[in-house]
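Everything below concerns the one structure shown next.
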Amino acid sequence: MVEIRSPLRSLGVVDVTGPSMAPTLAHGDRVVVRYGAAVRPGAVVVLRHPFQQDLLVIKRAVERRRGGSWWVLGDNPYNATGDSTDYGPVPGELVLATAVLRLRPREADQRSLRAWLAWAASALRPLRADPSASSRLRAR
């Protein structure tokens, strides 16, 4: 589940809650998203839940189906809830944005220079469409 925070033009920042996208995204991560961007198989996307329109979720777009709908799955095989296995293909108009960049928040106890540098080296990571993840998820 996600919460959209002040989109600026076509970019926005999303807070990630829950473990369904681990290890790609962790609870507490922030993700920069691009609204209206083209979706490719393997991309991490933000979408409206098909049955609860006020609920936003973040999942991986696995494959495009007939009629422009998307089959979406979480990356965590041990928490396979809230994705297309529950509600089927998602209509394309419910896919709002694609993820561009992950920002992992800094832990409160990271006060030493070494801990800060380790965080800085791993905190930002681009999120690109990963066709191999799409294939791997389809095989589940």
Side-chain angles (χ1 to χ4, degrees):
M1 292 184 284
V2 295
E3 169 187 318
I4 293 187
R5 299 176 44 158
S6 64
L8 177 65
R9 290 189 169 183
S10 65
L11 294 178
V13 177
V14 172
D15 291 336
V16 176
T17 59
S20 70
M21 284 300 292
T24 305
L25 299 173
H27 178 78
D29 283 353
R30 290 195 169 148
V31 178
V32 176
V33 297
R34 181 176 293 137
Y35 294 97
V39 179
R40 296 185 339 193
V44 176
V45 296
V46 174
L47 56 118
R48 289 198 186 281
H49 191 285
F51 303 133
Q52 299 173 339
Q53 297 287 311
D54 58 334
L55 177 64
L56 299 175
V57 292
I58 188 163
K59 300 292 177 191
R60 189 171 300 276
V62 177
E63 69 180 356
R64 191 171 194 110
R65 297 285 175 104
R66 290 183 194 170
S69 61
W70 284 94
W71 190 262
V72 296
L73 294 173
D75 284 358
N76 187 347
Y78 303 108
N79 187 352
T81 59
D83 58 21
S84 288
T85 57
D86 291 338
Y87 44 73
V90 177
E93 62 268 10
L94 295 181
V95 178
L96 304 176
T98 58
V100 177
L101 184 72
R102 182 213 68 199
L103 173 61
R104 183 147 293 155
R106 192 169 66 88
E107 299 293 326
D109 62 347
Q110 289 179 323
R111 296 183 182 175
S112 72
L113 179 59
R114 182 178 180 181
W116 190 89
L117 290 172
W119 166 80
S122 67
L124 289 175
R125 187 176 82 188
L127 294 171
R128 296 185 180 94
D130 183 1
S132 67
S134 177
S135 301
R136 195 172 53 251
L137 291 171
R138 267 184 286 181
R140 270 203 246 161

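For the single chain, residues carry numbers from 1 onward in sequence order.
Between atom CG of residue Asp15 and atom CG of residue Leu103 there is a gap of 10.0 Å, rounded to the nearest 0.5 Å. Taking OG1 from Thr17 and CG from Leu25, the interatomic distance works out to 11.0 Å, rounded to the nearest 0.5 Å.
Closest of all the heavy-atom pairs between Trp71 and Thr85 is CZ2-N, 4.1 Å. The shortest heavy-atom contact between Val31 and Ala99 is CG1-CB, 3.5 Å. Nearest heavy-atom pair across Ser20 and Lys59 is OG-NZ, 2.9 Å. Nearest heavy atoms, Ala129 versus Arg40: CB-NH2, 3.5 Å. When all heavy atoms of Val95 and Trp70 are compared, the closest pair comes out as CG2-CD1, 4.1 Å. The two residues Pro89 and Ser69 have their closest heavy-atom pair at CB-OG, 3.5 Å.
Put simply, the side chain of Ile58 reaches to within 4.5 Å of the side chain of Met21, judged on heavy atoms.
Applying the 6.0 Å contact sphere to CZ of Arg125 captures more than 12 heavy atoms from other residues, nucleotides or ligands.
Taking the side chain to side chain contact (heavy atoms under 4.5 Å, CB included) definition, one finds that Leu117 meets it with Leu113, sequence neighbours left out. Checked against salt bridge (Lys or Arg N to Asp or Glu O under 4.0 Å), Arg104 has the following partners two or more places apart in sequence or in another chain: Asp29. Partners of Arg65 by salt bridge (Lys or Arg N to Asp or Glu O under 4.0 Å), not counting sequence neighbours, listed by chain and number: Glu63. With sequence neighbours excluded, the residues satisfying side chain to side chain donor-acceptor pair (under 3.5 Å) with Thr24 are Arg60, Asp75. Looking at residues two or more places apart in sequence or on another chain, you find a side chain to side chain contact (heavy atoms under 4.5 Å, CB included) between Ala37 and Arg34, Thr98.
A donor-acceptor contact shorter than 3.5 Å is absent between the side chain of Tyr35 and the backbone of Leu96.
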Pair up each side-chain donor or acceptor in residues 41-56 with any protein partner under 3.5 Å, not counting sequence neighbours, and list the distances.
| unit_1 | atom_1 | unit_2 | atom_2 | d |
| --- | --- | --- | --- | --- |
| Arg48 | NH1 | Gln53 | O | 3.0 |
| His49 | ND1 | Phe51 | N | 3.0 |
| His49 | ND1 | Gln52 | N | 3.3 |
| Gln53 | NE2 | His49 | O | 3.4 |
| Gln53 | NE2 | Pro50 | O | 3.2 |

